[in-house]
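Single-structure report; data block below.
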There are 2 protein chains.
Amino acid sequence: MSIAERKEREKQEMKNLIIQGAMEVFLELGYEKTSIRTIADRIDYSPATIYLYFKDKDSLFLEVQHVSFGLLIQEMAGLADLDDPVSQLREMGYRYLQFGIEHPEHYDLMFIINDPLVCLMEDEKEWHNGHQMYQVLVGVVERCIQCNLIRMTDPQLATLMIWSTVHGLVALHCRNRLWAVGISPETMPSIGKSYIDQFIETIRT
Amino acid sequence: MSIAERKEREKQEMKNLIIQGAMEVFLELGYEKTSIRTIADRIDYSPATIYLYFKDKDSLFLEVQHVSFGLLIQEMAGLADLDDPVSQLREMGYRYLQFGIEHPEHYDLMFIINDPLVCLMEDEKEWHNGHQMYQVLVGVVERCIQCNLIRMTDPQLATLMIWSTVHGLVALHCRNRLWAVGISPETMPSIGKSYIDQFIETIRT
DNA sequence: TGACTTACTAAACACTGTTCAGTATCTTCG
DNA sequence: CGAAGATACTGAACAGTGTTTAGTAAGTCA
């Protein structure tokens, strides 16, 4: 079955080529302004070819999103080295925020864009990726609560609040709503750090 | 100049008719799926007519957004009756969250959607509306800090954090990202209340 | 070599935002 | 009143979109 294997491999390589091209264009132009024709042009194939490998634009987008999730998870490596759970929490906050500031397009694809992901039940892959990272956060928060280091008691609610607080800032930044309160994109990194520091100080016992 | 006045009035009425139709369609279909043709159909005019009253789709959208801001500001009426600033803060949180849950499409138009608002400098109207409400929040937070009722010292940073925390939850809810952490839309109202309560308890001294 | 399968594409369909030439109505002035 | 001019509106077109389909060319297998 060597030929069949090679065919399968070539098929996967073709998928990867499309995903890579799509990623480039998605990050350059954003989701809405990216057209299948542009992606096809980028990789020197016809638009119709893409539909032989992906059901539709959303389906292709989900694959790109999966790669983005991988990047963020990678960014969180080595957190367990910090033995203080509050330090872990702060460090996660720093890195999450930094990721949002440095890769707003990736962040947008993962947490803000509308279309797909509604079909979570159908797409196990994404669910798994996002859920996995959330569980890491839940673990850290649980340890903080167990050691009585933060002013919350319910791990689920606390985790949700912590995530939302950081996501809120990144989301407002990604969608340029912070101009209205006098924060320019350039000042975001320094404000972001103060933001996390203040938040940790506020919730810790 | 009676005729000129009448013309001016008719022009304004026509603008309002278009805005009203656009609002309906925007709320039904969302920003991206709304087409000028659909709006035109809804009010029985040709698509081209809309371009006599509004520069482009974004410009029309900004007018609709302005109406949405009015709704939210209206929702915040009577807050000064509560003499305890922390109660004011909690009540603002309740109402803001409820607005986001009850009118996710409006909320989307105001705080999540991408395209316009980037041109804040050009559009004084929106800036004014959003900034006004933010200033109300800043005022409440300042009083909380003055009375030493919350665990923060910098009003600007504190206000940003409080807004972001609530916005974060609403934004995740609007974009269906809470499914991934086991929260379904139906449970949002009750979770939302706990969320605000926990947040207030966490930040108060 | 002939039959079958696969990979790919040109062209079309139905949609989008936007523009423009042209019409039909209303206003103004002689 | 009637001609000239301004105003309000639209049909049709342009260039773009996601997606489908019929057809071609190449690779595989008997």
Side-chain angles (χ1 to χ4, degrees), chain A residues 1-19 21-23 25-26 28-65 109 113-116 118-119, chain B residues 1-26 28-65 109 113-116 118-119:
Chain A
M1 290 297 134
S2 174
I3 286 176
E5 279 176 16
R6 198 208 65 213
K7 290 243 164 176
E8 189 54 41
R9 199 187 60 230
E10 282 177 353
K11 199 157 190 166
Q12 196 48 246
E13 280 169 4
M14 186 64 184
K15 276 190 100 163
N16 288 340
L17 177 67
I18 296 174
I19 290 173
M23 169 73 87
V25 182
F26 273 131
E28 276 172 36
L29 306 180
Y31 179 76
E32 295 299 341
K33 283 181 184 166
T34 293
S35 79
I36 297 291
R37 284 171 176 82
T38 313
I39 298 173
D41 268 9
R42 180 73 57 115
I43 58 176
D44 298 317
Y45 279 86
S46 101
T49 302
I50 291 176
Y51 286 89
L52 298 175
Y53 294 88
F54 298 94
K55 194 175 121 281
D56 52 20
K57 192 185 173 186
D58 278 359
S59 169
L60 172 53
F61 168 80
L62 277 175
E63 296 285 340
V64 172
Q65 192 186 48
L109 302 195
I113 273 180
N114 221 332
D115 274 283
V118 178
C119 49
Chain B
M1 290 298 138
S2 174
I3 286 176
E5 278 176 14
R6 198 208 65 211
K7 290 244 165 175
E8 189 54 41
R9 199 186 60 229
E10 283 177 353
K11 200 157 187 165
Q12 196 48 247
E13 279 169 5
M14 186 66 184
K15 277 190 100 163
N16 288 339
L17 177 69
I18 296 174
I19 291 174
Q20 182 206 313
M23 170 75 84
E24 282 179 35
V25 183
F26 273 132
E28 276 172 36
L29 306 179
Y31 178 76
E32 294 299 340
K33 284 179 184 167
T34 294
S35 79
I36 296 290
R37 283 171 179 81
T38 314
I39 298 174
D41 268 8
R42 180 73 57 115
I43 57 176
D44 297 318
Y45 279 87
S46 101
T49 302
I50 291 177
Y51 286 88
L52 297 176
Y53 294 87
F54 299 94
K55 194 175 120 280
D56 53 20
K57 191 185 173 186
D58 278 0
S59 169
L60 172 54
F61 168 80
L62 277 175
E63 297 284 340
V64 172
Q65 192 186 47
L109 302 195
I113 274 180
N114 221 333
D115 275 281
V118 178
C119 48

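Chain naming here is simple, since letters A, B, ... match the order of the sequence lines and numbering starts at 1 in each.
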Can you give me the N/O atom pairs linking the protein to nucleotides 24-26 of chain D at distances under 3.5 Å, or say none if there are none?
none

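- OP1 or OP2 of D:dT10 has at least one side-chain nitrogen or oxygen of B:Thr49 nearer than 4.0 Å.
- Counting distance only, with no hydrogens placed and no angle test, the side-chain atoms of A:Arg37 and the base atoms of D:dG16 include no donor-acceptor pair under 3.5 Å.
- When the C1' atoms of four end pairs are superposed on the next four at each end of the helix from C:dT1-D:dA30 to C:dG30-D:dC1, using five pairs per end, the two resulting axes differ in direction by 20°, to 10°.
- A:Glu13 has its CD atom 13 Å from the P atom of C:dA7, to the nearest Å.
- Shortest non-hydrogen contact noted between A:Ser46 and A:Ala40 is C-CB, 3.7 Å.
- Between B:Ile39 and B:Ile18, the closest heavy-atom pair is CG2-O, 4.3 Å.
- Closest approach of A:Met14 to A:Tyr53, counting heavy atoms only: CG-CZ, 3.2 Å.
- When distances run from any side-chain atom of A:Thr38 to the nucleotides D:dG18, D:dT17, C:dT19, the shortest one goes to D:dT17.
- A straight line from CG of A:Leu29 to P of D:dG16 spans 14 Å, rounded to a whole angstrom.
- Between the C1' atom of C:dC8 and the OH atom of A:Tyr45 lies a distance of 9 Å, rounded to the nearest Å.
- Looking at A:Gln65, its side chain does come within 3.5 Å of a backbone N or O of A:Leu109 through a donor-acceptor pair.
- Of all nucleotides listed (D:dC9, C:dT9, C:dT18), D:dC9 comes nearest to the side chain of B:Leu52.
- C:dT16 atom C1' lies 12 Å from atom NZ of A:Lys57, rounded to whole Å.
- Proximity note for B:Met14 (side chain, C-beta onward) versus D:dT19, D:dC9, C:dT19: the nearest is D:dC9.
- A salt bridge links A:Arg42 with A:Glu28: at least one charged nitrogen is closer than 4.0 Å to a carboxylate oxygen.
- Rounded to an integer number of Å, the gap from B:Lys55 NZ to C:dT18 C1' is 12 Å.
- Across every non-hydrogen atom of A:Tyr31 and A:Phe61, the tightest pair is CD1-CD1, 3.4 Å.
- Within 4.0 Å (heavy atoms only), B:Ser35 reaches sugar-phosphate atoms of the nucleic acid but no base atom.
- Contact record, A:Ile43 with A:Gly21: CG2-CA, 4.0 Å, taken as the closest heavy-atom pair.
- Side-chain proximity of A:Tyr51 to the nucleotides D:dT19, D:dT10, C:dT9 is greatest for D:dT19.
- Side-chain atoms of A:Thr34 come within 3.5 Å of backbone atoms of A:Gly30 as a donor-acceptor pair (strictly under, hydrogens ignored).
- B:Gln12 places its CD atom 16 Å from the C1' atom of D:dA8, with the value rounded to the nearest Å.
- Within the 4.0 angstrom heavy-atom criterion, only backbone atoms of the sugar-phosphate kind lie near B:Tyr53; the bases stay farther away.
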Step by step, work out the side chain to side chain contact (heavy atoms under 4.5 Å, CB included) result for A:Leu62 and A:Phe54.
CA-CA 10 Å; A:Leu62 277 175; A:Phe54 298 94; over 6 Å; no
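- The interatomic distance linking A:Ile43 (CD1) with C:dA7 (P) rounds to 15 Å, in whole Å.
- Scanning for side-chain contact (heavy atoms from CB on, under 4.5 Å) contacts around A:Ile36 gives A:Pro47, A:Ile50, A:Tyr51, A:Lys57, with sequence neighbours left out.
- Atom CD of B:Glu10 is separated from atom C1' of C:dC26 by 10 Å (rounded to the nearest Å).
- Distances from the side chain of A:Ile36 to the nucleotides D:dG18, D:dC9, D:dG11 place D:dG18 closest.
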